[in-house]
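Quick notes on the structure that follows.
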Amino acid sequence: MIPISLTVNGEKVVRHVEPRRHLIDFLRLDLGLTGSHAGCEHGVCGACTLRVNGKIMRGCLILAASLDGADVVTIEGISESGEVSDLQAAFVARNAAQCGFCTPGMVMTAAELLAEAGTPTRGEIREYLSGNYCRCTGYQAIVDAVEDTLRSRSAKP
Amino acid sequence: MKWPAMGYARAKSLAELWSALDAHGSAGQIIAGGQTLLATLAFRLSEPSTLIDITGIPELRGISVQGGALRLGALTLHADLCCDPLVKAHAPLLAAAAPLIAHPAIRNRGTIGGSLAYADPAAELPACVIALDATVITVSAKGERRVPAAAFFTDLLQTALEPQEIIAAVEFPLTKRLGAIEEIARRSGDYAMAGLAATLHLEAGRVIKPRLVYFGVGKIPVLAAAAAKALEGRSLDTASISAVQAALAEDLDPPQDLHGPPEMKRHLARVLTERVLQGFLREKVQAA
Ligand SMILES: Cc1cc2nc3c(=O)[nH]c(=O)nc-3n(C[C@H](O)[C@H](O)[C@H](O)COP(=O)(O)OP(=O)(O)OC[C@H]3O[C@@H](n4cnc5c(N)ncnc54)[C@H](O)[C@@H]3O)c2cc1C
Ligand code: FES
Ligand code: FES
C-alpha cells in the first residue's frame, strides 16, 4: 500500500492505496464520490474526465498512488463551487443529458474550454469534446448547450 | 478493465531511478504520463511488474534553448508543445502536430518521452522528430548518448534504447525551414491511418533538403528517400508534386492493417503528399 496525501474538492485526504487502484475507483470506492464515471477504463470514452492540478485528465489512466500532493477537482467540486452552474442549466434547457453517463465528463471537458475564454466555433467545440463519447444524444444538444453558455458568458461585461 | 496487481515506486532523481531499476531488474517498468502504458495494462498486454514513476525527476523536465538547439525534456507534455513560446518559435511543426495527438485530457498528461519510447508507427511525434532532424538524448547509469532521430526507431515498437536506459530529452536544431503535418484518421484524436510530417527549405523558389516522413504506413516512420530526391532542387509545382507521388512507390511498402490493404495506404500517402506540398505552395506555412 502506498501512502498518499492530496486535496480533493478542496478537502485534504490522507489514505493508503494499492498501486493498481486508478483515480476513479479511488474516488468512487474509497471516498464515495460517485460523480466521476468509469466507462471503458482504457482512455477512450472520456466518462472519467476530471481535473488534476488545474487541467482535465482521464481519471482511469491515473494511478491514485501517483497523486501524492495533487489537487483533484471532480464534478462534485465544480458543481458546488458554481463554476459551471450556467453550463449545467444550459444542459438541462437543451436536453443535453439523457442517460447522463457521459455528462460529468462532458461538463468537466467543456468547463476547460469555457475557462480558456476564447471564441470557439461549433467545429472547435466538437473538436474539444471529441474525446468524450455520448451514446444517447447524438452530440447536437451538447454542442448547443456549450455554445449557448459561451455566448451568454461573452455577452456579459 | 482493472489493472493487474503490481508495485509502484517514485524516483525523485536519476540516482534514485538507477537504484530502483537495479532493484527491480526486468520486472521494473518506467511510467511517465501513463497514457499508453496504463491503457495496455488494462488490456493485460503487459505482465505485472513494478511501475517506476519518473515524473518527479527534475532532470527530465524543462523547455530551453541551449547550445544552438531547442531542448525539450522527456517529460514535456503534448499540451506544452501546442502553446510553449520557445516551441512555437523554433519548432512550430511540433505545435502543429500537438492538436492531432489524442484529446485534450490525454495531451495534458502524455509526454514526448513516452511517445518516442513507445514508438507507435502511427504516432505523430516520432515522425516529427525525424522530419526536424532532431537528436534523442538518452541517459543510463553509464551516462548520456546522443542518437539521431532517424536512427532511433529500429522496428515495430522498438527503439535504440538499451535496457535500463531512458530518454532524457530531445534536441532540435535551430534551423529556419518550412514545416507541415497532415494526417487522415477516422475520428478526430485517433491514431492516423496515414500521415505525413515534412520540412524543407525554399531558396529562390527551389526546394532544398526536403525531409518527408510518412507515418502509419510501416513498422517505423518512413523517411522517404526517393521522394526527397525527386523534389530536391526543383520548384514546387504540379509537376514536381506528381514526381514525388510517383517516387513514393519506391519508398513505401505498407503492410495490411486494420484500416485496409497496402494499396489504400499508398493512395492515402499520395493524397497527403499533395496536401502538404500544395500547402507549402500556398504559403499557408510556418517556418519550422
Ligand atoms: C484514447 C487515446 C488516444 C491516443 N491517441 C494518440 C494519437 O493519436 N497519437 C499519439 O501519438 N498518441 C496517442 N495516444 C498516446 C499518447 O500520446 C501517450 O501520451 C504517449 O504515447 C505516451 O506518453 P506517456 O507519457 O503517457 O507514456 P507512458 O504511457 O507512461 O509510457 C509509454 C511507454 O514508454 C516508456 N517510457 C515513458 N517515458 C520514457 C522515457 N523518458 N524514457 C524511456 N522510456 C519511457 C514506458 O516505459 C512505456 O513503455 C493516445 C492515447 C489514448 C489513451
Ligand atoms: S473510463 Fe476513462 S476514458 Fe473511458
Ligand atoms: S447522455 Fe447517455 S451517454 Fe451521453
Side-chain angles (χ1 to χ4, degrees), chain A residues 1-4 16-25 29 38-70 105-106 108-113 115-116 120 123-133, chain B residues 1-12 24 27-46 48-56 77-80 82-83 98-111 114 185-191:
Chain A
M1 299 283 263
I2 310 287
I4 52 170
H16 280 77
V17 290
E18 272 191 76
R20 64 182 301 200
R21 195 66 127 195
H22 59 54
L23 175 54
I24 299 303
D25 279 352
L29 306 176
C40 67
E41 296 188 281
H42 64 269
V44 173
C45 74
C48 62
T49 307
L50 40 65
R51 230 181 243 171
V52 179
N53 299 330
K55 299 306 262 174
I56 54 163
M57 294 182 189
R58 301 288 210 222
C60 74
L61 294 184
I62 299 179
L63 300 157
S66 72
L67 289 177
D68 193 46
M106 285 288 181
M108 294 302 300
T109 304
E112 184 163 286
L113 178 65
E116 283 173 12
E124 285 161 353
I125 295 170
R126 282 185 178 277
E127 173 66 31
Y128 212 87
L129 299 176
S130 66
N132 292 71
Y133 286 7
Chain B
M1 284 167 289
K2 303 300 177 195
W3 299 325
M6 58 194 177
Y8 173 80
R10 283 180 211 115
K12 293 266 189 260
H24 295 286
Q29 185 164 17
I30 283 162
I31 179 166
Q35 302 303 286
T36 293
L37 180 56
L38 294 176
T40 62
L41 280 181
F43 281 113
R44 304 290 173 104
L45 293 175
S46 327
S49 58
T50 291
L51 301 182
I52 304 169
D53 189 339
I54 61 170
T55 56
L77 301 172
H78 306 330
D80 296 332
C82 78
C83 310
L100 303 176
I101 305 170
H103 311 287
I106 292 167
R107 296 200 285 272
N108 283 337
R109 202 166 178 88
T111 67
R186 281 189 201 278
R187 291 172 306 199
S188 173
D190 279 5
Y191 277 103

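In what follows, chains are A, B, ... by sequence order, proteins preceding strands, each numbered from 1.
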Please classify the contact between A:Asn132 and chain B as side chain, backbone, both or neither, with a heavy-atom cut-off of under 4.5 Å.
neither
Any chance the side chains of B:Asp53 and A:Ser66 put a donor and an acceptor closer than 3.5 Å?
no
Would you confirm whether B:Arg107, through its side chain, and B:Ile101, through its main-chain N or O, come within 3.5 Å as a donor-acceptor pair?
yes
Please state whether the side chain, the backbone, both or neither of A:Leu50 comes within less than 4.5 Å of a heavy atom of chain B.
neither
To the nearest 0.5 Å, tell me how far A:Glu127 CD sits from B:His103 NE2.
9.0 Å
Under a 4.5 Å heavy-atom cut-off, does chain A meet the side chain of B:Asn108, its backbone, both or neither?
both
Checking A:Leu129 against chain B: side chain, backbone, both or neither under 4.5 Å from a heavy atom?
neither
When rounded to the nearest 0.5 Å, the distance separating CG of B:Leu77 from OG1 of B:Thr111 is 7.5 Å
With chain A as the partner, which of B:Pro99, B:Gly33, B:Ala39 has the greatest number of non-hydrogen pairs under 4.5 Å?
B:Ala39
Per-residue tally against chain A (heavy atom, under 4.5 Å) across B:Leu37, B:Leu38, B:Leu51 peaks at B:Leu38
Quick one: sort the A:His42 and B:Phe43 rings into parallel, tilted or perpendicular, breaks at 30° and 60°.
tilted
Please flag which part of A:Arg51 lies under 4.5 Å from any non-hydrogen atom of chain B: side chain, backbone, both or neither.
neither
